[in-house]
Each structure stands twice: as structure tokens, then as C-alpha cells.
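When a ligand or atom number is given, it counts from 1 through the structure's own listing order.
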Amino acid sequence: MSMIAAFYGGKSILITGATGFLGKVLMEKLFRTSPDLKVIYILVRPKEGQTLQQRVIQILDSKLFEKVKEVCPNVHEKIRPISADLNQNDFAISKEDLQELLSHTNIVFHCAATVRFDDHLRHAVQLNVTATQQLLLMASQMPKLEAFIHISTAFSNCNLKHIDEVVYPCPVEPKKIIDSMEWLDDAIIDEITPKLIGDRPNTYTYTKALGEVVVQQEGGNLNIAIVRPSIMGATWQEPFPGWVDNLNGPSGLIIAAGKGFLRSIRATPMAVADLIPADTVVNLTLAVGWYTAVHRPKSTLVYHCTSGNLNPCNWGKMGLQVLATFEKIPFERAFRRPNADFTTNNITTHYWNAVSHRAPAIIYDFYLRLTGRKPRMTKLMNRLLRTLSMLEYFINRSWEWSTYNTEMLMSELSPEDQRVFNFDIRQLNWLEYIENYVLGVKKYLLKEDMAGIPEAKQHLKRLRNIHYLFNTALFLIAWRLLIARSQVARNVWFFIVSFCYKFLSYFRASSTLKV
Ligand SMILES: CCCCCCCCCCCCCCCCCCCCCCCC(=O)SCCNC(=O)CCNC(=O)[C@H](O)C(C)(C)COP(=O)(O)OP(=O)(O)OC[C@H]1O[C@@H](n2cnc3c(N)ncnc32)[C@H](O)[C@@H]1OP(=O)(O)O
Ligand SMILES: NC(=O)C1=CN([C@@H]2O[C@H](COP(=O)(O)OP(=O)(O)OC[C@H]3O[C@@H](n4cnc5c(N)ncnc54)[C@H](OP(=O)(O)O)[C@@H]3O)[C@@H](O)[C@H]2O)C=CC1
């Protein structure tokens with residue numbers, strides 16, 4: 001019997017960010033392995049045109065929850081959505097809901113965050129720092145609370161090269177930042193943002209670092225732990241391989257590459273691609289919840305959920321495997337054939353952006369205009385290039401994360417728990433994982449049918465022929481222009497033509513003689 005699964009039995013669990021990528025995989029695993037848990041409270045913000053219940057039903061009706069429905073048929077009754085907006089004071093939770101939460105919750109998993117790299121500092125602070133502070137305050141009023149697990153990111157200290165499982169101080173205290181956001185206007189915040197984030201690349205990593213400091217400073221007597229995943233990718237094994245439902249991290253780029261929009265990228269092929277499957281993050285998180293509640297460590301432990309130091313894979317290898325998978329499982333209606341150019345310097349990046357991205361987009365928009373349609377490719381390409389520019393920081397550097405706490409935790413688990421809540425990334429076969437990832441992107445993100453693969457392959461063949469035809473035409477035009485302008489080119493052309501003529505005459509003569 002799994003001790004961790006048994007631990008969550010009968011528990012009331014509060015999850016923030018349950019409608020997000022990680023939150024859904026977390027809920028799924030909890031229901032599947034501990035179907036006798038009491039209730040999962042989820043803080044959900046109302047969405048236009050959807051009630052809370054509809055949001056829950058949408059999640060439960062997805063393929064991700066198919067297995068859960070078999071082992072926990074009354075799963076609908078065990079999810080209790082609570083209307084809450086983490087951007088609002090006290091999360092705008094009703095008094096009755098708050099009372100219920102405070103009096104029943106045993107475990108809190110705080111996953112909600114803004115993960116956008118370009119978020120305005122005020123908003124990122126509100127969600128990633130202030131909301132964490134408020135949730136801690138709520139948690140401190142929960143008499144039955146056994147553990148509070150905060151999900152951060154391995155990149156919260158990406159300004160360092162070697163990162164230990166400790167909370168690093170921030171130059172300006174989070175409390176001061178929170179206070180200042182209340183009275184500074186947007187223009188001033190914009191001005192001071194670069195100074196505040198310092199050598200971090202964006203407001204996301206900066207505010208996640210502040211969030212950790214808040215957890216450490218304001219956790220009081222709570223049993224708290226911090227989990228730091230690196231770049232979260234599709235599921236590795238559970239509930240099935242390749243499940244993914246948003247464009248964050250590499251998923252969006254896999255689509256862009258598979259559809260032929262993205263054909264070159266400024267990335268260091270040898271840099272470590274620190275991807276971590278979502279189910280691995282969930283398994284570690286649940287093990288951390290159990291350990292924190294049962295063993296009550298004296299200090300706030302930080303757990304790195306990364307792959308680089310135990311089972312490294314680099315971006316070059318990953319890119320090649322993604323491309324190899326496109327050969328077997330192409331995406332439908334590609335714009336161009338998938339291809340990859342990893343560049344590392346400015347000049348080649350600009351060159352490939354012009355040749356591989358902007359020029360085809362302009363030509364295609366010209367064609368759309370000619371055929372009376374609205375041009376859209378240049379706009380799409382500009383957004384893609386903007387996205388790339390934001391991700392570049394992470395694909396041109398390598399980090400070393402120590403994993404003492406994570407390894408310690410692994411050694412504390414029973415063999416059964418090590419199997420059921422497997423977070424041993426050394427067992428992951430990258431080639432297999434990446435193939436399943438690409439397949440998952442095709443099935444669950446693009447919603448493409450596997451039956452369409454033969455047609456997709458035909459389409460790629462047509463694109464290849466168009467490509468050859470286009471290049472030949474381009475070459476002939478360039479050559480014709482050159483011959484018209486240069487005597488040297490004319491002489492070379494005359495030499496080639498007469499050489500071919502002589503060769504053909506000789507060939508014909510010798511074959512006639514043989515007969
Ligand atoms: C030529 C080579 C190809 C070879 C093969 C291929 C490749 C793949 C393997 C190798 C590629 C390497 C990729 C690695 C990238 C990894 C970097 C991740 C770093 C993570 C560090 C921290 C980890 C975390 O802790 S948090 C989670 C990470 N957070 C994110 O990933 C969020 C990033 N996204 C954003 O901040 C925004 O979406 C932004 C700013 C990029 C775009 O914002 P915008 O306002 O323009 O609008 P959106 O509505 O958000 O989206 C617009 C548009 O872009 C699409 N899109 C969104 N995200 C991505 C994405 N990551 N990649 C591609 N496209 C994306 C979105 O769908 C929209 O499309 P529309 O068509 O306009 O609807
Ligand atoms: N994705 C990754 O690669 C990594 C993620 N992480 C961390 O993991 C955690 C989960 O990330 P992930 O699942 O990818 O993120 P998602 O963007 O998929 O999910 C974010 C969640 O937060 C909720 N949320 C956002 N704003 C509010 C709000 N104002 N009120 C209530 N809920 C809100 C979202 O709700 P809604 O559905 O309404 O938008 C959603 O449920 C985050 O803490 C992130 O920092 C760490 C490392 C890597």
C-alpha cells in the first residue's frame with residue numbers, strides 16, 4: 001500500500017491554479033491514487049460566459065480525467081469550486097466559503113500564478129507575491145492545516161549559475177515592493193521595473209523570487225515547503241504519455257516548428273534543455289506534501305524538480321528529435337516543411353529571420369492579397385519572433401541546480417511509493433519522451449486526427465516540390481540577369497553549354513558505335 005496515497009485519503013485539500021496545466025494534472029493524480037479523499041476545494045475565478053460549475057465540468061470531461069472516472073465515479077461531488085479572484089482583496093471569497101475553507105482544509109497546494117514573461121510588474125506582484133502573502137494569512141487561520149506547498153520555479157534565481165535548494169534574499173524586501181505598488185502609478189512602475197528586476201530577464205522570474213521570500217518570511221509556524229520545477233512539459237507516463245494543454249514552454253514552439261512557421265532559432269545547441277514532465281512535478285509535489293505534513297521539517301525545505309543534473313538533454317538533441325518525429329507524425333496543413341537552423345550569433349539570426357521567417361510571410365501575404373484575402377502571415381510571424389525573443393534567454397544558457405532535498409525525499413519513500421509517485425528523472429528516455437510530446441501536441445493541443453497523417457505527408461511532399469521549383473526559378477532568374485549584365489558570366493555560360501553539348505555528342509556517338 002502506498003503511504004502517500006493513504007495519507008491523502010479522507011483529507012480536505014485546497015488547490016489554487018487548479019484550472020491551469022499543473023493544477024489539472026495534480027487533481028487528476030490525487031483523485032486517481034486517493035479516491036477516498038474527502039474534498040478538493042479549488043479557487044476558480046469566474047470567466048466570461050462560463051459558470052464555475054461549467055469550468056469544472058469542462059475539466060472533468062477532458063481526456064485527462066478518463067481514468068479518474070473509473071476509479072472515482074463520484075469525482076464531481078468531490079470537487080468544490082470556490083469563486084475567488086487572486087487579484088482581489090481577500091480574493092473576493094464569500095464569507096460562507098471562507099469559513100468552510102478555514103475550518104476544513106488540511107493541505108494547501110498553491111499553484112496559481114501569472115506565468116507570462118511580459119506581465120506588467122504591478123500585476124505580476126499582485127498575483128505572484130501579494131496573493132501568496134494573503135493565502136499564507138488564510139492558511140495561518142486553518143486549525144487543521146498540516147502542510148502548505150508553494151509552487152515556485154527553478155528559474156526564480158536564474159540570475160545565478162549555480163542554484164541551491166535555499167531561498168535567496170532579494171535586494172528590496174517584498175513588503176516594500178507590495179506597498180509601493182499601491183501608490184506608484186503605472187508610468188513610474190514602468191520606469192523602475194528594469195532596475196528592480198536587475199539581471200533577471202522578466203517580471204515573472206523576479207516576482208516568483210519575491211514570492212519565495214514572502215513564503216519564508218511570513219510562513220510563521222506553518223509546515224511549508226517550496227517546489228521549484230524547471231520547464232514543465234507534457235506528461236511522461238501518467239495518466240498517459242504526452243498530455244499537454246497549453247502553449248507555454250516548448251509546446252508553442254513545437255507547433256510553430258511543425259507547422260513550418262519557425263525554421264530557425266537563436267539557441268545554443270549544447271545548452272541544457274532543462275525540461276521536466278508535468279506528472280514528475282506532480283509526483284514530487286504530492287510526496288513533498290506528505291513528507292512536510294508527516295515529518296514536519298524544522299525549516300522551510302526547497303525541492304528542485306529539474307532534469308539537468310541527473311539526466312541532461314541539450315537543445316540540439318531535442319530539436320533533432322522533434323524534427324525526426326515530424327517526419328513520422330507530421331502536422332496537418334503546414335505552411336512550409338519543418339526544418340531547423342540553430343544559430344548563435346546576431347548576424348546569422350538576423351539573416352535567417354529575414355530569409356526563413358519574414359520573406360516567406362511577405363510573399364504569402366502578397367499571394368493572399370492577390371487572391372482577395374486578408375493578409376495575416378506577417379502579423380503572425382512578428383508575434384512569433386516576439387515570443388522567440390522572450391524565450392531566448394532560457395535556451396542559450398545552462399544552469400546547475402542542486403537536488404539534495406529531492407534526492408533525500410526519494411530515499412525516504414517506500415519502494416511502493418517510489419513506483420506510484422515516481423519522480424526519478426533518471427529513468428526518463430528523452431527520445432521516447434520527445435516523440436510522445438510531439439504526438440501529444442498534435443492530438444491534444446492541435447486536436448488533429450491520426451487518420452490525417454497520410455494526407456499531411458502528401459502535403460509536405462507538395463511543399464517540397466514547390467520549394468524546389470521556387471528555388472530553381474529563382475536561380476534561373478538570377479542567372480539570366482547576371483548573363484545580361486556580365487561578360488564573365490556570359491563566358492562561363494558559353495563554356496558550360498558547349499561542354500555539355502560536346503559531352504552529349506560524344507555519348508551519342510559512342511552508344512551508336514556499340515550498336
Ligand atoms: C528551428 C528550430 C525548430 C526545431 C524544432 C523545435 C523545437 C522545439 C524544441 C526546441 C525549442 C526550444 C523551446 C524552448 C522554450 C523554453 C523556454 C521556457 C522557459 C521557461 C522558463 C521558466 C519556466 C516557468 O517557470 S513558467 C512557464 C513558462 N511561461 C511561459 O512559457 C509563458 C511564455 N509566454 C508568454 O509570456 C506570452 O505568451 C508571450 C509574451 C510569449 C506572448 O504574449 P502575447 O501577448 O503576444 O499573446 P499571447 O496571447 O500570450 O500569445 C500570442 C500568440 O503566441 C502564441 N504563443 C503563446 N505562447 C507561445 C509559446 N511559448 N510559443 C509559441 N507560441 C506561443 C499564442 O498561441 C498566440 O497565438 P495566436 O495565433 O496569436 O493566438
Ligand atoms: N509551466 C511551466 O513551465 C512552469 C510553471 N511553474 C509554476 O507552476 C505553477 C503552475 O503553472 P501552470 O500550471 O503552468 O500555469 P497556468 O498558466 O497553466 O495556470 C495558472 C493558474 O493560475 C490561475 N490564476 C491566474 N490568475 C488568477 C487569478 N487572478 N485568480 C485565480 N486564479 C488565477 C489560472 O486560472 P485561470 O484558468 O482562470 O486562468 C490557472 O488556473 C505556477 O506557479 C508556475 O509559476 C514552474 C515552473 C515551470
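- The shortest heavy-atom distance from Gly249 to ligand 2 is not under 4.0 Å.
- The residue among Pro229, Ser230, Ala278 with a heavy atom at the shortest distance from atom 48 (C) of ligand 2 is Ser230.
- A side-chain donor-acceptor contact under 3.5 Å links Arg122 to the backbone of Leu184.
- At a 4.0 Å heavy-atom cut-off, ligand 2 does not touch Lys47 at all.
- Within the 4.0 Å heavy-atom criterion, the part of Asn246 lying near ligand 2 is the side chain and not the backbone.
- Only side-chain heavy atoms of Arg55 come within less than 4.0 Å of ligand 2; its backbone N, CA, C and O stay farther off.
- Each of Lys443, Lys24, Lys447 was scored for a salt bridge (charged side-chain N to carboxylate O under 4.0 Å, His left out) with Asp245, with one residue passing: Lys24.
- Shortest non-hydrogen contact noted between Asn106 and Lys144 is ND2-O, 3.4 Å.
- Between Lys259 and Glu448 there is a salt bridge, since a side-chain N of the basic residue sits under 4.0 Å from a carboxylate O of the acidic one.
- Checking only distances, Asn248 never comes within under 3.5 Å of ligand 2, N or O to N or O.
- Looking at ligand 2, you'll find an N or O of Leu22 within less than 3.5 Å of one of its N or O atoms.
- Ranked by closest heavy atom to atom 6 (N) of ligand 2, the top entry among Phe155, Tyr204, Phe21 is Tyr204.
- With a 4.0 Å heavy-atom cut-off, ligand 2 is reached by no atom of Ala131.
- The nearest pair of heavy atoms linking Thr403 to Glu165 is C-OE1, 3.3 Å.
- Of the charged side-chain nitrogens involved, none lies within less than 4.0 Å of a carboxylate oxygen, so that Lys78 and Asp36 do not count as a salt-bridged pair.
- Ligand 2 has Val115 within reach: a non-hydrogen atom of the residue lies less than 4.0 Å from it.
- Under a 4.0 angstrom heavy-atom cut-off, Thr114 registers as lying outside contact with ligand 2.
- Within the structure, the closest approach of Ala154 to ligand 2 does not fall below 4.0 Å when heavy atoms are considered.
- Using modelled atom types, one finds a donor on one side chain and an acceptor on the other under 3.5 Å when comparing Asn396 with Thr268.
- Note: an N/O pair closer than 3.5 Å links Met232 and ligand 2 by distance alone.
- In this structure a side-chain-to-backbone donor-acceptor pair under 3.5 Å is present from Asn309 to Trp401.
- The shortest N or O to N or O distance between Thr19 and ligand 2 is under 3.5 Å.
- Within the 4.0 Å heavy-atom criterion, the part of Leu127 lying near ligand 2 is the side chain and not the backbone.
- At under 3.5 Å, a nitrogen or oxygen of Leu86, whether backbone or side chain, sits near a nitrogen or oxygen of ligand 2.
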May I have the step-by-step check of side-chain contact (heavy atoms from CB on, under 4.5 Å) for Thr19 and Lys47, ending in yes or no? CA-CA 11 Å; Thr19 51; Lys47 242 188 181 175; over 6 Å; no
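- Contact atoms of ligand 2 toward Ala113: 20 (C), 22 (O), 25 (C), 42 (C), 43 (O), 45 (O) (distance under 4.0 Å to a heavy atom of the residue).
- Salt-bridge annotation for Lys29 and Glu238: present, with a side-chain N of the basic residue lying under 4.0 Å from a carboxylate O of the acidic one.
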